[in-house]
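Predicted, not measured: the structure shown is a model, and the values here were computed from it.
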Amino acid sequence: MYIHIRRFFTIALVATTCLFSAPTRAQHDAEKAAESINEEEHKIEHKLEESEAKFNIGEMIMHHIADSHEWEITHGVVIPLPVILYSADRGIEVFSSSNFHNDHHEYNGYHLVHGDSEQIIPVDESRKIYDFSITKNVASMLLSAVILILVFTSIAKFYKNNSRRAPRGFQSAMEVIILFIRDEVVKPNVGPKYEKYLPYLLTLFFFILINNIMGLLPGSANLTGNIAVTMTLAVLTFIVVHLNANGNYYKHLVKPTGVPVPLLLIMIPVEIVGVFMKPFSLMVRLFANITAGHIILLSLFGLIFIFQSFVIAPVISLFALFLNFIEIMVAFIQAFIFTLLSSMYIGSAIEEHSHADHGH
């Protein structure tokens with residue numbers, strides 16, 4: 001009897017001990033797991049900090065989207081571009097940008113300053129120079145101009161020599177795009193006088209399109225992501241609009257139809273501001289969309305060098321490839337939108353009806 005009672009109390013004591021010690025052990029195991037996770041997180045953060053110290057992703061991105069006096073195809077493969085300077089004391093000076101490849105980035109009294117944008121400044125600060133150098137963006141613009149001339153002269157030659165034959169191959173594809181821009185963009189928005197403005201608008205569309213696509217190629221220039229280029233295109237549209245605008249357009253600016261006289265003090269400044277906001281929106285929209293796309297893609301590729309992981313690299317590469325296809329679509333869309341809005345602005349300026357909406 002005593003043996004059974006002692007066995008009962010022994011089992012009860014062991015069960016009670018296990019019951020109360022189990023949460024303590026579980027809590028202890030959870031604390032150890034949390035400490036282990038924290039240690040791994042600190043190791044990963046430390047590794048990322050070391051990688052970021054070795055690889056500056058911001059500097060890499062700015063280096064690729066900014067203009068430069070040399071064309072870097074890939075790391076270590078650089079095409080030097082001509083430097084053209086003018087000063088009152090020396091006149092015109094022409095030399096290769098490779099002369100700046102030294103420890104001090106200096107040559108013949110000039111210093112190449114690297115920053116958000118490259119600048120050539122004289123070592124003697126009292127001198128004033130004018131820089132007409134062929135930079136990477138200028139070279140890319142000249143290249144795209146040559147491509148456009150070759151493409152359209154070949155298409156024109158085909159139509160001239162084969163006027164009775166249906167277009168085929170590349171000519172057929174280009175005809176589809178040209179007819180789409182003419183019939184769906186220019187003609188409905190410009191109106192009956194569209195033929196006068198069709199060459200300008202077609203040139204605008206294809207210039208933006210080809211430079212958008214060229215900007216996606218490895219080692220290419222970010223031409224349409226340069227705000228000076230987009231500003232020039234917007235100013236050209238502004239000039240075309242206001243050189244061809246009729247009296248109704250200007251009358252609408254100084255006395256909008258149906259507006260009471262007391263409100264003219266408010267409406268006239270609003271209308272004038274709107275005149276300048278149209279090219280401003282053209283400039284910023286193209287610049288922001290193209291630059292944002294390049295920054296996102298370069299940021300993704302930069303993560304590969306920061307993480308330095310065989311697991312992460314394929315995932316980032318696939319995602320970047322998907323975004324690259326999106327950027328090709330964006331290249332067409334931005335060229336289409338710029339041409340569409342330019343057509344609308346021209347159409348509103350030359351419309352004969354005095355009660356036209358004028359694009360508002």
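- Rounding to the nearest 0.5 angstrom, the gap separating the CE atom in M141 from the CD1 atom in I134 is 8.5 Å.
- The two residues L81 and A139 have their closest heavy-atom pair at CD2-CB, 4.4 Å.
- For F276 and F238, the ring centers sit closer than 6.0 Å to each other.
- Closest heavy-atom contact between V190 and S343: CG2-O, 3.7 Å.
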Does the side-chain contact (heavy atoms from CB on, under 4.5 Å) test come out yes or no for L253 and I268, once each step is laid out?
CA-CA 6 Å; L253 294 180; I268 290 175; over 6 Å; no

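- Environment of CD in Q119: sparse, with no more than 12 heavy atoms of neighbouring residues, nucleotides or ligands closer than 6.0 Å.
- The closest side-chain donor-acceptor pair between T224 and N212 falls under 3.5 angstrom.
- Hydrophobic clustering places V241 together with I272 (ILVMFWY residues linked when any side-chain heavy atoms are closer than 4.5 Å, directly or through intermediates).
- Grouping the Ile, Leu, Val, Met, Phe, Trp and Tyr side chains by contacts below 4.5 angstrom, directly or via other members, places V240 apart from M231.
- Contact check for S87 versus Y130: no side-chain heavy atoms found under the 4.5 Å cut-off.
- Rounding to the nearest 0.5 Å gives a distance of 11.0 Å between CG of L150 and CD1 of I155.
- The closest donor-acceptor contact from the side chain of D67 to the backbone of N137 lies under 3.5 Å.
- Using a 3.5 Å distance cut-off with no hydrogens or angles, the side chains of Y197 and S342 do not pair a donor with an acceptor.
- There is no side-chain donor-acceptor pair under 3.5 Å between N222 and K136.
- F207 and S144 get closest at one heavy-atom pair: CE1-OG, 3.8 Å.
- In terms of heavy atoms, A234 sits closest to P279 at CB-O, 3.2 Å.
- The line from CG of N99 to CG of N108 is 8.5 Å long, rounded to the nearest 0.5 Å.
- For the atom pair CG of L223 and CG of L142, the computed distance is 10.0 Å after rounding to the nearest 0.5 Å.
- Looking only at distances, a side-chain donor or acceptor of S154 sits under 3.5 Å from a matching main-chain atom of V151.
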May I have the list of side-chain donor-acceptor pairs in residues 311-332 shorter than 3.5 Å, sequence neighbours left out?
residue, atom, partner, partner atom, Å
S317, OG, A313, O, 2.8

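- Atom OH in Y110 sits 10.0 Å away from atom CG in D124 (nearest 0.5 Å).
- Listed by first then second residue, pairs satisfying ring-ring contact (aromatic ring centres under 6.0 Å, His included) with a partner in residues 76-101 read F95-F100, F95-Y107, not counting sequence neighbours.
- When only modelled atom types and interatomic distance are considered, H69 and D131 share a side-chain donor-acceptor pair under 3.5 Å.
- A donor-acceptor contact closer than 3.5 angstrom is absent between the side chains of T135 and S133.
- Looking at L286 and L282, their side chains never come closer than 4.5 Å, going by heavy atoms from C-beta outward.
- Both Y200 and F205 belong to a common hydrophobic cluster when Ile, Leu, Val, Met, Phe, Trp and Tyr are linked at side-chain heavy-atom distances under 4.5 angstrom.
- One N or O on the side chain of N102 and one on the backbone of E106 form a donor-acceptor pair closer than 3.5 Å.
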Start with the C-alpha gap between F206 and F152, add the side-chain angles, then the distance that decides, and say whether ring pair (Phe, Tyr, Trp, His ring centres under 6.0 Å) holds.
CA-CA 10 Å; F206 282 104; F152 284 101; 5.0 Å; yes

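- Side-chain atoms of T230 come within 3.5 Å of backbone N or O of M283 as a donor-acceptor pair.
- The hydrophobic cluster containing L198 also contains L236, counting ILVMFWY residues as joined when their side-chain heavy atoms lie under 4.5 angstrom apart, directly or transitively.
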Start with the C-alpha gap between H294 and L216, add the side-chain angles, then the distance that decides, and say whether side-chain contact (heavy atoms from CB on, under 4.5 Å) holds.
CA-CA 8 Å; H294 288 307; L216 298 173; 4.1 Å; yes

Show, in sequence, the C-alpha distance, side-chain angles and deciding distance for V275 and H242, and conclude whether the side-chain contact (heavy atoms from CB on, under 4.5 Å) test is met.
CA-CA 10 Å; V275 167; H242 290 86; 3.2 Å; yes

Show every donor-acceptor pair shorter than 3.5 Å between a side-chain atom in residues 169-185 and any protein atom, with sequence neighbours excluded, or say none if there are none.
residue, atom, partner, partner atom, Å
E175, OE1, Y159, OH, 3.3

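- Annotation: L243, atom CG; neighbour count of heavy atoms from other residues, nucleotides and ligands within 6.0 Å is above 12.
- K160 is not listed as a side-chain neighbour of K157, based on a closest heavy-atom distance of 4.5 Å or more.
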Please lay out, stage by stage, how R127 and D89 fare under the test side-chain contact (heavy atoms from CB on, under 4.5 Å).
CA-CA 8 Å; R127 295 181 61 226; D89 54 337; 2.9 Å; yes

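- A 4.5 Å side-chain heavy-atom check between N211 and S140 finds at least one atom pair inside the cut-off.
- Considering all non-hydrogen atoms of both residues, A245 and Y250 come closest at CB-CE1, 3.7 Å.
- A heavy-atom distance below 4.5 Å is found between the side chains of L204 and F338.
- Using a 4.5 Å heavy-atom cutoff, the side chains of E118 and V113 are not in contact.
- To the nearest 0.5 Å, the span separating CD1 on I79 from OG on S97 amounts to 10.5 Å.
- Between the side chain of H111 and the backbone N or O of H104, at least one donor-acceptor pair lies under 3.5 Å.
- A heavy-atom distance below 4.5 Å is not found between the side chains of N248 and E351.
- Under the 4.5 Å side-chain heavy-atom criterion for Ile, Leu, Val, Met, Phe, Trp and Tyr, V123 and L85 are members of distinct hydrophobic clusters.
- Looking at I147 and M214, their side chains come closer than 4.5 Å, going by heavy atoms from C-beta outward.
- The minimum heavy-atom distance between S281 and Y345, with the atom names listed, is OG-OH, 3.9 Å.
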